[in-house]
Chemist: 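Structure incoming, see below.
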Amino acid sequence: MSKYPHLKADFTASLVVFLVALPLCVGVAVASGVPAELGLVTGIVGGIVAGLMRGSSLQVSGPAAGLTVLVYEAVDEFGLPVLGVVVLATGVLQIGMGVLKLGRYFRAISVSVVEGMLAGIGLVLIAGQLYAVLDAKAPESGLGKIAGLPEALIDSLSSTGSLASLALGAGTVAVLVLWKRLPARVRVVPGPLAAIGLATAAAVAFDAPVATVEVNGLLGSIQPPSLSAFGELAGLGLIGTIVAFTLIASAESLFSAAAVDRMHDGPRTAYDKELVAQGAGNALCGVLGALPMTAVIVRSAANVQAGARTKASRVLHGVWLLLFAALLPGVLAYIPIPALAGVLVHAGAKLIPVRSLVNLWRQHRGEAVILIVTAVSIVAVSMFEGVLVGVALSVVKTAWDASHVKLEVIDKGSGPVQAYLSGNATFLRLPKILDSLEALPKNRPVELHLSGLHHLDHACRTALESWAERHSSAETEPVKVTAM
């Protein structure tokens, strides 16, 4: 029996993943405002370094469309030299969380918050990349990007270069949408690679006046952060960015792992070990001044569907990326930027869970509201604040759902009025409780029984005591409160 029984399957799968990853690595880098080669560096590290480590055996890591918006904002605010510091710190925090066995707790994050986060990222990503498709400059804010699109489209119609750019971008999206409907023998070539290849061929054949990828060479693009860049860690703004990177990259990776586990019947993900693997990869990416990495569901799904059986496939895909970056970097200079933008517009659209939102609205409207508010907050404010809003809403909703309280009033016409509170009395239900108690007659003795309560928070206790003191009229006995 062969020593490596799955080598053939893993080798074939690695080539498929490489062909899927190549245009995405370059596209994410360009959209993030960094040299294209840095996307390849992150893909190489994700494949070889994170790929060799234990955690999830079949998911594939690299630069993710989900972090594009956050990376662009960080580079724009702090500069490219500081990006390495952010990514290195993110990696160190992820390793620490993995060692402390905090990975499993990411599964406790509301799915609605995560889907809302991805939807918000998708909306901002689509809006931003449509400007690249139109060969126009994108506004800074998420709302500005969306509001300015009609004017940018109208302006593009009067420019030959913008029309050529629009044609390539729209053609790329069309190929990606239609690719899955083509015969299986054609779909041997991954859709993103086919779309970029066809757009590049068209741009060269027609000598289209469009922007192409700027090539600096692999070694020329790697810029480890200087000691002065670490001085930025003293600023609260950078600390907030690092926390956002850490939480979002970790959540995306571990949710991807859960999704990949549902696609195959092999070994399950060890969440804490996977977090350490992601952290080690990000720490090295930070040292190299590259993009942050996460596990990426598109590449991971391609890996599983291509028949991968062990982690050898993802490691080999990193080797192929390294060979391409070392031997054929000049090829990147032919790739039109609007075509890469088209790939990311398509990727952004897939981040918006339209179908699941419709089902959620029908069955769990509160969760749907959390998803929508999280997405809108990310577009309107920023990634970090949007996620915090979503988490806060999720906590409030959970507290509201948990605080069921019932007030039963027994009035026999004579003698004291009996009021029985049962359930969980929290400040969230306080207005309802007080409205019901205020309606009790003030000229009759009242006995309030709290023995049926499982929980009574401080705000409720104080409010009930205050109500009991002031409720009865001067001629009536004071309200009697029976404690829990």
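These numbers come from the heavy atoms of this one structure, side chains and all, not from hydrogens, waters or symmetry mates.
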Chemist: Under 4.5 Å between any side-chain heavy atoms of Thr374 and Glu115, yes or no?
Modeler: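 SC-SC contact between Thr374 and Glu115 ruled out.
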Chemist: Between Thr241 and Gly237, is there a donor-acceptor pair closer than 3.5 Å when you use the side chain of the first and the backbone of the second?
Modeler: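 It does hold such a pair.
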Chemist: In Å and rounded to the nearest 0.5 Å, what is the CG to CD1 distance from Leu176 to Ile196?
Modeler: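 These two atoms lie 7.5 Å from each other.
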Chemist: Can you list the residues that meet the ring-ring contact (aromatic ring centres under 6.0 Å, His included) rule with Phe11, with sequence neighbours excluded?
Modeler: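 Phe11 satisfies ring-ring contact (aromatic ring centres under 6.0 Å, His included) with Trp320 only.
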Chemist: Is a donor on one side and an acceptor on the other found under 3.5 Å between the side chain of Trp361 and the backbone of Ser356?
Modeler: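 No; judged by distance alone, with no hydrogens or angles, the pair does not exist.
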Chemist: Please walk me through it: do Leu233 and Leu238 pass side-chain contact (heavy atoms from CB on, under 4.5 Å)?
Modeler: CA-CA 6 Å; Leu233 287 171; Leu238 194 66; 3.9 Å; yes
Chemist: Are the side chain of Ser162 and the backbone N or O of Ser158 linked by a donor-acceptor pair below 3.5 Å?
Modeler: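 No, the answer is negative, given that no donor and acceptor are paired below the 3.5 Å cut-off.
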Chemist: Are any of the side-chain nitrogens in Arg54 or Glu274 under 4.0 Å away from the carboxylate oxygens of its partner?
Modeler: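 So Arg54 does not pair with Glu274 through a salt bridge.
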Chemist: Can you sort out the partners of Asp272 under salt bridge (charged side-chain N to carboxylate O under 4.0 Å, His left out), two or more places apart, ordered by chain and number?
Modeler: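 For Asp272, the residues satisfying salt bridge (charged side-chain N to carboxylate O under 4.0 Å, His left out) (neighbours in sequence not counted) are Arg104.
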Chemist: Calculate, to the nearest 0.5 Å, the distance between atoms CG and NE2 belonging to Leu351 and His346 respectively.
Modeler: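 Between atom CG of Leu351 and atom NE2 of His346 there are 11.0 Å.
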Chemist: How far apart are the C-alpha atoms of Lys137 and Tyr131, what are their side-chain angles, what is the distance that settles it, and do they pass the side-chain contact (heavy atoms from CB on, under 4.5 Å) test?
Modeler: CA-CA 6 Å; Lys137 181 172 173 55; Tyr131 285 90; over 6 Å; no
Chemist: Report yes or no: does Arg314 contribute a side-chain atom to a donor-acceptor pair with the main-chain N or O of Gln59 at less than 3.5 Å?
Modeler: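 Checking the backbone N and O of Gln59 against the side chain of Arg314, a donor-acceptor pair under 3.5 Å is found.
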Chemist: Can you find a pair of side-chain heavy atoms, one from Leu67 and one from Ser32, that are under 4.5 Å apart?
Modeler: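 SC-SC contact between Leu67 and Ser32 ruled out.
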Chemist: I want to check something: taking the side chain as every heavy atom from C-beta on, are Val41 and Cys285 in contact at a cut-off of under 4.5 Å?
Modeler: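 Side-chain contact under 4.5 Å: no.
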Chemist: Val319 versus Phe18: any side-chain heavy-atom pair under 4.5 Å?
Modeler: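 No. Closest side-chain heavy atoms not under 4.5 Å.
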Chemist: Whether the side chain of Ser300 engages the backbone of Val296 through a donor-acceptor N/O pair (distance < 3.5 Å, no angle test) should be reported.
Modeler: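 Flag set: sc Ser300 to bb Val296 pair under 3.5 Å.
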Chemist: Could you measure the distance from the CZ atom of Phe78 to the CD atom of Glu73? Nearest 0.5 Å is fine.
Modeler: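 With rounding to 0.5 Å, CZ (Phe78) is 10.0 Å from CD (Glu73).
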Chemist: How long is the span from the CG atom in Leu316 to the CG atom in Leu322, to the nearest 0.5 Å?
Modeler: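 Between Leu316 CG and Leu322 CG, I get 12.0 Å after rounding to 0.5 Å.
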Chemist: Any sub-3.5 Å donor-acceptor pair from Asp261's side-chain atoms to Thr269's backbone N or O?
Modeler: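 Present.
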Chemist: What heavy-atom pair brings Thr200 and Pro336 nearest, and what distance separates the two atoms?
Modeler: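 Between these two residues, the closest heavy atoms are OG1-CD, 3.4 Å.
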Chemist: Has the side chain of Thr212 got a donor or acceptor atom that lies under 3.5 Å from a matching backbone atom of Ala333?
Modeler: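 Yes, because the side chain of Thr212 sits within donor-acceptor range (under 3.5 Å) of the backbone of Ala333.
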Chemist: Do the non-hydrogen side-chain atoms of Arg299 and Cys25 ever get within less than 4.5 Å of each other?
Modeler: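 With C-beta onward as the side chain, the pair touches.
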Chemist: Please step through side-chain contact (heavy atoms from CB on, under 4.5 Å) for the pair Val210 and Ile337, ending with a clear verdict.
Modeler: CA-CA 8 Å; Val210 296; Ile337 284 179; over 6 Å; no
Chemist: Within a 6.0 Å radius of atom CG on Leu236, are there more than 12 heavy atoms belonging to other residues, nucleotides or ligands?
Modeler: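 No - once you tally the heavy atoms of other residues, nucleotides and ligands closer than 6.0 Å, there are 12 at most.
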Chemist: Looking only at atom types and distance, does a side-chain atom of Ser156 sit under 3.5 Å from a main-chain N or O of Leu153, one as donor and one as acceptor?
Modeler: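 Checking the backbone N and O of Leu153 against the side chain of Ser156, a donor-acceptor pair under 3.5 Å is found.
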Chemist: Considering residues, nucleotides and ligands other than Phe206, do more than 12 of their heavy atoms fall under 6.0 Å from its CZ?
Modeler: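 Check fails, neighbour count at 12 or below.
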Chemist: Tell me the closest heavy-atom pair linking Ala339 and Ala199, and the distance in Å.
Modeler: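 Shortest heavy-atom separation between Ala339 and Ala199 comes out as CB-CB, 3.5 Å.
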Chemist: How many angstroms lie between atom CG of Leu247 and atom CG of Leu93, to the nearest 0.5 angstrom?
Modeler: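 So the gap between those two atoms works out to 9.0 Å.
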Chemist: Can you name the closest pair of heavy atoms from Ile352 and Ile126 and give their distance?
Modeler: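 So the two residues come closest at CD1-CD1, 3.8 Å.
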Chemist: Any idea which heavy atoms bring Gly342 and Val133 closest together, and the distance?
Modeler: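 In terms of heavy atoms, the two residues are closest at N-CG2, 4.2 Å.
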Chemist: List the steps and the verdict of side chain to side chain donor-acceptor pair (under 3.5 Å) for Asn282 and Gln94.
Modeler: CA-CA 9 Å; Asn282 272 320; Gln94 285 180 311; 2.8 Å; yes
Chemist: Does Ser253 reach the main-chain N or O of Ala295 with its side chain, forming a donor-acceptor pair under 3.5 Å?
Modeler: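 Such a contact is found between Ser253 side chain and Ala295 backbone.
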Chemist: To the nearest 0.5 Å, tell me how far Ile48 CD1 sits from Leu321 CG.
Modeler: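 Answer for the CD1-CG pair, Ile48 versus Leu321, is 8.5 Å.
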Chemist: Examine distances only and state if a side-chain atom of Tyr334 and a backbone atom of Val204 form a donor-acceptor pair shorter than 3.5 Å.
Modeler: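 Such a contact is absent between Tyr334 side chain and Val204 backbone.
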Chemist: Would Gln278 and Ser61 count as a side chain to side chain donor-acceptor pair (under 3.5 Å) if you check the C-alpha gap in whole Å, the side-chain angles of each, and the deciding distance to 0.1 Å?
Modeler: CA-CA 8 Å; Gln278 294 294 323; Ser61 300; 2.8 Å; yes
Chemist: Side-chain contact test, heavy atoms from C-beta onward, threshold under 4.5 Å: evaluate it for Val373 versus Val389 and give yes or no.
Modeler: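 Yes, at least one pair of side-chain atoms sits under 4.5 Å.
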Chemist: Do you know the tightest heavy-atom contact between Pro353 and Ala119?
Modeler: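 Result for this residue pair: CD-CB, 3.8 Å.
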Chemist: Indicate yes or no: at least one non-hydrogen side-chain atom of Val71 is less than 4.5 angstrom from one of Pro292.
Modeler: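 Yes, side chains in contact.
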Chemist: Is it the case that more than 12 heavy atoms not belonging to Lys397 sit under 6.0 Å from its NZ atom?
Modeler: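 Yes - once you tally the heavy atoms of other residues, nucleotides and ligands closer than 6.0 Å, there are more than 12.
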Chemist: Please lay out, stage by stage, how Val34 and Tyr72 fare under the test side-chain contact (heavy atoms from CB on, under 4.5 Å).
Modeler: CA-CA 8 Å; Val34 307; Tyr72 183 87; over 6 Å; no
Chemist: For a quick test of reading the model, state the closest non-hydrogen atom pair linking Ala36 to Val30 and the distance between them.
Modeler: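 So the minimum-distance heavy-atom pair works out to CB-CG2, 4.2 Å.
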